[in-house]
Amino acid sequence: MSVLADVLTVVTQPQLLLLVGLGTFAGVYVGAIPGLSVTMAVSILISFTFSWDVYPAISLMIGIYMGGVYGGSRTAILLNIPGAPSAIATALDGYPMALRGEAGTAIGVTTVMSFIGGFIGIGVLALAAPLVSDFALRFQPRDYMLLAVLGILLVGSLSQGSLLKGIFAGALGIAIGAVGRDPLTFAERFTFDFQILEGGISFIAVMIGMFGVSEALGQLHHVDKDAVRQKISRIVPSLSTVRKHLPLSLQTSSIGVVIGALPGTGGDIAALMAYDHAKRVTKNPERPFGEGAMEGLVAPETANNAAVGGAFIPMMTLGIPGDAVTAIMIGALFIHGLNPGPMLMIDQPDMFWFIVGALVMANCFMLLFGLTGIRLFTRIVEMPRSVLIPMIMLLSIVGAYAVNNSVTDVYWMLGFGVFGYFMRHYGYPLGPVILGVILSRLLDDNWRRAIISEREDLGRFFEGIVTSPLSLVLFVSVILIFVSQTPVWAKAKARVFGRKGEQQ
Amino acid sequence: MQPIDPEHHDGTSDATPGGAPDRRRPGELAFAGALLAASLGLLYSAYGISGFEALSAPGSVPMATTLVMVVTAALVLLRTARLPLDRAETLAKDILPLTVVLFAVALVLYGVLLRPLGFLPTSALFLVGAVKYLSRRGWAWTLAVSLGSLIVIWLIFRIVFSVLMPAGILPEAEVIQLFRDLLQGDAPQ
């Protein structure tokens, strides 16, 4: 019964419910306004809410997360500009539907489908996380280490970019996380004898720089783009439409949960993979994909919201982020003195069930705000970028400053902002950098624990990997990711399938 | 999977990190070279932490990660060098337009002025300048929009999130206290 009470915490405390509602409302708009992303909003919010208690802070962030993943679809449909990364695939069929005057139907379907996907994700989280956390107690330090490496590699290998650049970004993140005095031996690492570096680089400064300022600088390229008005018709979709697409939505939700639960990869990648899946399994769409197929909306929208619940699984059970947003939330929990991982699930199960409850409420609010308030919405989205961009920059600076009251952090933030700007332009993913920064300590500690317990013997270390089924599976996955990027893989694939292997 | 490229390969997310897969964007080679040089420097620095003392030494993971950085940066540099240069793009137009440089400089200036001048005056200068430059609209509109939004932001920070920014030249705390006293109807203490 105590579980139920914990789940309902969010409902019984009006203040928390209000914050989830506000967060979801804000999230829908943050997601919808091109240039504002969930990752950006949550990283800036950490520094504002760190003086709050942990429950209100988490309530707000969960609302923004859930709402933001959904909100991007609206601008994708109405303006052909994905408001958030997870809505990139939604634009492909959503905008053609809007051009035919079916914008209302498209928005209605995406809202209901996001709601269904969101619930499936939360359901899987509630069922799977307690099991995973029991299992996680048996994880050896080397398993944590391998999982962290796997998470960093997965982003690069499942995205459309280059794996090499992804690996570079991840390694860079780990190096950034190592700056300062080593917590075990107090040796200085990458400090270059500067006193200011001894305490390390604030990860919040890195996050805000990478996701706030670099995005704002990038948006400067598009200041003059105009918003296009669309007429919006009936929104609430008919029951038959929903029922017709239910089988597909269940499949794509599963894709979303799995991709979300894999360490590192989140809704943006899940949406693209689900879209791809829908294209393959839908034999006779009413309209071809790319010209307004309903399936092309259902797939990415269920998947990206299902990925939200999925992403919390590794975060809550292992302390390994499921995507960039949960990476930031782990940072937020650190600030509040909590250490996500199997012990948190055992010591403070109320925290976990509270998060589940907050996600459920955020999902309901999302449905509510999604099916109403369209008029207000079109006004807000038309906010000119010439005002929006300076505001994002201002908020980023305040956010970076507020954590430690330090101007140094502001400079770090700006430095990483400019660096991230170049990384974006040359195709280096930013997510792995943040994952690396958050996972740096975990990777380092667990490597040292693992190798010390094997008496500094690499042979014994690998023997341990080969003899433990879990370690072996993780190790083979890491190797497979590398092999899948080499010409050998393409040749093998060609031989097996009798055709030329598809290049990523 | 058919590549999707929403905003002129400038990178929007991890799923579509930007860049052009089959061409070299202007400045990309120099960036890859700079990353390799920085990685080499970091590898040297990581070696200096504890050398090859022990596998569990504080420098082991840093050395391994910086080695990975050097190897991947070198491979990326080689691949980039082999790609044909994208002649349709220029550094000044597609990668680093004047606006971006101006804004980067303005942000650094903001950091410099933040402590001596205080949050409100610095932000007002920045917002008015930035909005005027980007929107190219009249002064009345610019001032109303930027100062109005600054006040909203400040109220939210100060009241809802209780974030303290440097007060600088404005007697911020006194003004707030004055308002509090007025609202509560108490005599100023």
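Just so we're on the same page: letters track the sequence lines, and every chain starts at 1. Small disclaimer: the values here were computed from a predicted structure and weren't measured.
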With side chains defined as the heavy atoms from C-beta onward, is the minimum distance between A/Y421 and B/L96 less than 4.5 Å?
yes
Side chain, backbone, both or neither: which part of [X] has an atom under 4.5 Å from a heavy atom of chain A?
X      : result
B/A32  : both
B/S135 : both
B/S39  : side chain
B/W154 : neither
B/Y133 : neither

For [X], which atoms come within 4.5 Å of any heavy atom of chain B: side chain, backbone, both, or neither?
X      : answer
A/M413 : neither
A/L220 : side chain
A/E188 : backbone
A/F190 : both
A/L217 : both
A/N405 : both
A/V398 : both
A/I176 : neither

Looking at A/R448 and B/S56, would you say the former's side chain and the latter's main chain have a donor-acceptor pair under 3.5 Å?
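A pair under 3.5 Å: yes.
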Look only at the side chain of A/W447 and the backbone of B/S60, and say whether a donor-acceptor pair between them is shorter than 3.5 Å.
no
What's the shortest heavy-atom distance between [X] and [Y], and which atoms?
X      : Y      : answer
B/I153 : A/M391 : CD1-SD, 3.7 Å
B/M165 : A/Y401 : SD-CD2, 3.5 Å
B/P58  : A/R189 : O-NH1, 2.7 Å

Rounded distance (nearest 0.5 Å) linking atom CD of B/E28 with atom OH of A/Y426
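The CD atom of B/E28 sits 7.0 Å away from the OH atom of A/Y426.
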Look up atom CE in A/M423 and atom CZ in B/F31, then write down how far apart they are to the nearest 0.5 Å.
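Here the rounded value is 6.5 Å.
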In this structure, which one of B/V145, B/L127, B/T142 forms a side chain to side chain contact (heavy atoms under 4.5 Å, CB included) with A/V387?
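Considering B/V145, B/L127, B/T142, a side chain to side chain contact (heavy atoms under 4.5 Å, CB included) with A/V387 is found only for B/V145.
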Taking non-hydrogen atoms and a cut-off under 4.5 angstrom, which of residues 107-117 of chain B neighbour chain A?
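Those residues of residues 107-117 of chain B which have a heavy atom under 4.5 Å from chain A are B/L107, B/V108, B/Y110, B/G111, B/V112, B/L114, B/R115.
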Residues 72-80 of chain B: residues contacting chain A (heavy atom under 4.5 Å, by number)
B/T72, B/A73, B/L75, B/V76, B/R79
Qualifying salt bridge (charged side-chain N to carboxylate O under 4.0 Å, His left out) pairs with a residue from residues 122-151 of chain B, counting only residues at least two apart or across chains:
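Checked against salt bridge (charged side-chain N to carboxylate O under 4.0 Å, His left out) - neighbours excluded - no pair reaches residues 122-151 of chain B.
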List, one per line, each side-chain donor-acceptor pair under 3.5 Å for residues 427-436 of chain A, sequence neighbours excluded.
none

Output the option from A/L394, A/V410, A/D182 having the highest count of non-hydrogen pairs under 4.5 Å with chain B.
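Looking at each option in turn, the highest pair count goes to A/L394.
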